[in-house]
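Here the structure is laid out as structure tokens; the discussion comes afterwards.
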Amino acid sequence: MSSEHTDEAAGSVDFIREKINADNATGKFGGRVQTRFPPEPNGYLHIGHAKSICLNFGIAADYDGVCKLRFDDTNPEAEDQDFVDGIIEDVAWLGFAPDEVVYASDYFDQLYAWAESLIERGLAYVDDQDAETISANRGGFTTPGVDSPWRDRTPEENLALFRGMRDGEFADGEKVLRAKIDMNHENMQMRDPVLYRIRRAHHHRTGDQWIIYPTYDWAHGQSDAIEAVTHSICTLEFDTHRPLYDWCLEHLDLPHETPEQTEFARLNLTHTVTSKRKLKQLVDDGVMSGWDDALMPTLRGVRRRGYPAAAIRAFMDHIGVAKTNSTHDIELLESFIRTELNATALRRMAVLRPLKLIITNWPDGEVDLREAINNPEDDSAGVRQVPFGGALWIEEDDFRLDPPPKYYRLTPGREVRLRAGYFVTATDAATDADGNVTEVYCTYDPATAGGQAPDGRKVKSTIHWVSAAHAIDATVNLYNRLFTDPHPGSGGSDPFDSLNPEAREAVAAKLEPALGDVAPGQVVQFERLGYFAADLDDARVFHRTVGLRDEWANIQKRRQNS
RNA sequence: UGGCCGGUAGUUCAAUUGGCAGAACGCCUGAUUUUGGUUCAGGAGGUCGCAGGUUCGAUCCCUGCCCGGCCAGCCA
């Protein structure tokens, strides 16, 4: 069986695995473990779903069990095949292989048959009240509900009516099938919940075969039971549905042991939203170019953005699972992204805000090839040649006419290292009418080729550069927090009020020639700047995955605050 | 307003029948470094939601209260 989560550190497993261990100890499911990941195909998966995916597939792997991907497609109105295909893709991208891809709609026949059996047992009835009336008669938290006038129809009458619903004898919304439980139950879910409704909508899989569709409550537990799921793991908001989940299964003849539902807290992240509804709105409103916009917290979005699947998995492993409502700092996720990318990403040089640096004593027209290390964390990544000349692009930020305290970079009279190149000393700078630096002049020391002085003298900093004569032009998309509020929508506010107007910025960057060569989606480190992903479709576009930790930024922030 | 679920460093999670409150990320200091990155060493940071009670001893057990989340769709 497994190592990582079961025996490694007894007592440090999460409460769900603890429960599974307990079930295995009593032989409740004969030692069998089966889970499922059950998305509704009405949108694409987001980072919050990744927690559930890792949990369900992770548990199955840990216990040598089974985990299927099941589409909860009981509401045809919002669902479609594109979402199904996208979700299958996303799960695979995250690194999981479902034992099988199944659909709640596969079980429509069985679900229907079970509904008839419930009717025969006098436990369900057809209600003629309309939706508003049903809602009004449900009562409130402190007031009892009111029985429907149709609650006591005979099984025969109910059966005939239910078949009529199925056969198209009634209009949409004219009748529903309800469980007959208790209109006075303290749990609102138990006040005769709706089991079937009439909806003349085209279903992405069953087409027009059905005009009645089961509700979540009538479909979910039964689907679990049909598939022989043992541990049905869902999010906290289904907690009040658990008695209903159990009630349904209790009154049917099941092919397997009764599955048990366990709820855990969904993943929230600061400065973003993990709600399909809100993400859909961002797409519909045109704030995002699509579900796969690199700013979207969707799996497709973060993939375009360059988040490695392995880093997401490591993050999910780290945060664990509990019942405490929680919002993780998005910085924690980013630290996992950096850890993964630091080990794997090739280093390259790119200048995001180019400033011309002229080496005044460089031999006219000469081009030098400098050897640069591809990844200091990984010797096997090798080296590359980078062309060097008398005119270079350097980062605007790397030169100051008037350096603030603790500024180590280029400034008149100071010597710095050009990475893998030479030591240079700034001599002068040209400025425009507003005093902005337009060009910097320097001299280089030919004896420092490769970046080291034979006399052993040191420099305080190393800066990156790109040869002006060889630079590739590219668009680099910089991203900031999607929402300025760490908790968008907190305190009853409209989450969209805190949409960050500066969430994206595109700059015209200069890249070293080797960057002409990256594969679509490949993530590289632009030295001293961060990790950047080549766009999936356009080789001349890069997306900032995440910046490097930036101590200089911290120093400046501190100075500002003091 | 009733019920259910929660409340432990800034954040998220740990703490094996009641026994000196820990980790990760973030922050700070130092070392290393041809990335102000990485790595390494150290540091600051807690009224265990509050108040009572039981006990030699309570984050843990009991009672009351406070705060947060969820539930009154023919969404899932």
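Just so it is clear, the model here is predicted, and its values are computed rather than measured. A, B, ... follow the sequence lines: proteins, then strands. Residue 1 opens every chain.
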Just to verify, what does [X] make a side-chain hydrogen bond (donor to acceptor under 3.5 Å, both in side chains) with, not counting sequence neighbours?
X      : answer
A:R197 : none
A:D455 : A:R457
A:S326 : none

Under the salt bridge (Lys or Arg N to Asp or Glu O under 4.0 Å) test, residues paired with [X] that sit two or more places apart:
X      : value
A:R409 : A:D398
A:R313 : none
A:E79  : none

Quick one: label [X] by what it contacts on the DNA or RNA (base, sugar-phosphate, nothing), any heavy atom closer than 4.0 Å.
X      : answer
A:E79  : nothing
A:R558 : sugar-phosphate
A:Q452 : base
A:K406 : base
A:F15  : nothing
A:E77  : nothing
A:I555 : base
A:I134 : base
A:D217 : nothing
A:S335 : sugar-phosphate

| remark: chi for B:G43 classified (syn = within 90 degrees of 0, anti otherwise) as anti
| said: For RNA chain B, which residues of residues 37-47 of chain A approach it to below 4.0 angstrom with any heavy atom? | reply: A:E40
| message | Any donor-acceptor pair, under 3.5 Å, between the side chain of A:E331 and the base of B:U11, if you only look at N and O atoms? | response |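 Checked by distance alone, the answer is no.
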Reckon [X] has a side-chain N or O less than 4.0 Å from the OP1 or OP2 of [N]?
X      : N     : result
A:R409 : B:G36 : no
A:R197 : B:C75 : yes
A:T143 : B:U1  : no
A:R277 : B:G73 : no
A:T74  : B:A76 : yes

| query | Taking the P atom of each, how far is B:G43 from B:G49, in whole Å? | reply | 27 Å
| task | Decide yes or no on salt bridge (Lys or Arg N to Asp or Glu O under 4.0 Å) for A:E415 and A:K460, but give the supporting numbers first. | result | CA-CA 8 Å; A:E415 187 173 49; A:K460 202 77 161 141; over 6 Å; no
For nucleotides 68-72 of chain B, give me every protein contact, N/O to N/O, under 3.5 Å, one pair per line with atom names.
{"from": "B:G69", "atom 1": "O2'", "to": "A:N325", "atom 2": "ND2", "distance (Å)": "3.3"}
{"from": "B:C71", "atom 1": "O3'", "to": "A:Q189", "atom 2": "NE2", "distance (Å)": "3.4"}
{"from": "B:C71", "atom 1": "O2'", "to": "A:Q189", "atom 2": "NE2", "distance (Å)": "2.7"}

| query | Does the ring center of A:F238 lie less than 6.0 Å from the ring center of A:Y216? | reply |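 Yes, ring centres under 6.0 Å apart.
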Rounding to a whole Å, what distance do you find between [X]:[atom1] and [N]:[atom2]?
X      : N     : atom1 : atom2 : value
A:E551 : B:G37 : CD    : C1'   : 10 Å
A:F336 : B:G26 : CZ    : C1'   : 13 Å
A:L332 : B:U12 : CG    : P     : 11 Å

Nearest-0.5 Å distance, [atom1] of residue [X] to [atom2] of residue [Y]:
X      : Y      : atom1 : atom2 : result
A:D14  : A:I20  : CG    : CD1   : 8.0 Å
A:R348 : A:F542 : CZ    : CZ    : 10.0 Å
A:N374 : A:R384 : CG    : CZ    : 5.0 Å

| note | Taken in chain and number order and not counting sequence neighbours, the residues that satisfy side chain to side chain contact (heavy atoms under 4.5 Å, CB included) with A:N375 are A:R347, A:E377, A:D378, A:A381
| Should the pair A:R370 and A:Y422 be classed as cation-pi, given the thresholds of under 6.0 Å to the six-membered ring centre and 45° from the axis? | yes
| Pairs where residues 174-195 of chain A contributes a residue and the test salt bridge (Lys or Arg N to Asp or Glu O under 4.0 Å) is met, not counting sequence neighbours |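 The answer is A:D127-A:R178, A:D128-A:K175, A:R151-A:D192, A:D152-A:K180.
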| query | In which stems does RNA chain B show up, taking only runs of three or more Watson-Crick or G-U wobble pairs whose two distances fall under 3.5 Å? | reply |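 As far as RNA chain B goes, consecutive pairing (with distances under 3.5 Å) yields the stems B:2-7 with B:66-71, B:10-13 with B:22-25, B:27-31 with B:39-43, B:49-53 with B:61-65.
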Are there any protein N/O atoms within less than 3.5 Å of an N/O atom in nucleotides 39-43 of chain B, and if so, which ones and at what distance?
none

